[in-house]
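Any value given below was found using the heavy atoms of this structure, including those in side chains, with hydrogens, waters and symmetry copies removed. Ligands are counted one by one from 1 in listed order, and the atoms in each one are counted from 1 as well.
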Amino acid sequence: MPTPLVVGNWKMNPPSIAEAVALAQALRAPLGAVEGVERVVCPPFVALPAVADALAGSPIVLGAQNVHPQPKGAFTGEVSGAMLQGVCSHVIVGHSERRHSLGETDDFVNAKVLAVLGLGMTPVLCVGETLEERDAGEASAVVERQTAAGLAGVEPGDVTKVVLAYEPVWAIGTGRAATPETAQEMIGGIRAHLVRLTDSATAAQVRLLYGGSVNAANAAELAALPDVDGALVGGASLDPDAFVAIARAFATRA
Ligand code: 13P
């Protein structure tokens, strides 16, 4: 069983760099003390250097919320993987808020996965269906398509360097997490896809996260699921007590 992983996606929060530093400082001691789980926080780009300073020497590592696949060039407003090297170890790619609000395609997400891997960082590849797709009975097909497309061109030996996060769009920010049955069914489906892509021993080593309204109250039941190796947490990652409780729930998983 791989080491569990909890990732806090701060999204466009908190509203200032000073508050991001204060959040990191509040997390540093209690989250740093939770052993047996990898801990990643993903602040907004502009807060990354200040949060890196605030967490220097702690076991909490940094992730970025996005990346552009090209190494440099005329891409106004974008940030390359090379710029993130040395600051971040993880990069979220394919978040549904970017797929749906900003029109990111499967191909573009795949290019990001390959770029991040090529730079020796860990992509956290997000997949997940909308409510409309679920109601139409297409949830598994959508997640299978996003997983296959996102991993296209990844060498079988590199699949364990990718983290996948199943985030059903209808569960994000709604307070309505997937039931344990749905989370296990969908994430188990991703694991089965990885077995077909590689082999069962390799697929078992890939970290598969659940995301969507994870909180201190539901973390333990999610952590108990056989295929859920961690959580990608939005709103609750802005509350130090809640995020530490979520990390503790996954730390006791093994
Ligand atoms: P919430 O935890 O706020 O539902 O957000 C989930 C998410 O989108 C994490 O990437």
_Show me which atoms of ligand 1 lie under 4.0 Å from any heavy atom of Ala171._
4 (O)
_Between Asp106 and Gln146: side-chain donor-acceptor atoms closer than 3.5 Å_ = no
*asked:* Using 0.5 Å steps for rounding, measure from the OG1 atom of Thr3 to the CD atom of Glu38.
replied: 5.5 Å
_Structural part of Ile172 in contact with ligand 1, heavy atom criterion under 4.0 angstrom_ = both
*How long is the span from the CD atom in Gln25 to the CG atom in Leu55, to the nearest 0.5 Å?*
9.0 Å
*In the protein, which heavy atom is nearest to atom 2 (O) of ligand 1, and how far is it?*
Gly234 N, 2.9 Å
*asked:* Only heavy atoms of Gly235, strictly under 4.0 Å: list the atoms of ligand 1 that pass.
replied: 1 (P), 2 (O), 3 (O)
*Check ligand 1 against Asn9 and write out every atom of the ligand that is under 4.0 Å from a heavy-atom position of the residue.*
9 (C), 10 (O)
*Could you tell me if any non-hydrogen atom of Ser213 lies under 4.0 Å from any atom of ligand 1?*
yes
_Closest protein heavy atom to atom 5 (O) of ligand 1, given as residue, atom name and distance to 0.1 Å_ = Lys11 NZ, 3.2 Å
_Numbered atoms of ligand 1 (with element) below 4.0 Å of Glu167, judged on heavy atoms_ = 6 (C), 7 (C), 8 (O), 9 (C), 10 (O)
*Going by atom types alone, do Trp170 and Glu129 pair a side-chain donor with an acceptor below 3.5 Å?*
yes
*Are Glu133 and Thr130 close enough that a side-chain donor and a side-chain acceptor fall under 3.5 Å?*
yes
*For ligand 1, is there an N or O atom under 3.5 Å from any N or O atom of Gly173?*
yes
*Would Glu167 and His95 count as having a side-chain donor-acceptor pair, cut-off 3.5 Å?*
yes
*If you count the atoms of ligand 1 from 1 in the order shown, which ones are under 4.0 Å from a heavy atom of Gly212?*
4 (O), 6 (C)
*Can you find a heavy atom in the side chain of Leu48 that is under 4.5 Å from one in the side chain of Cys88?*
yes
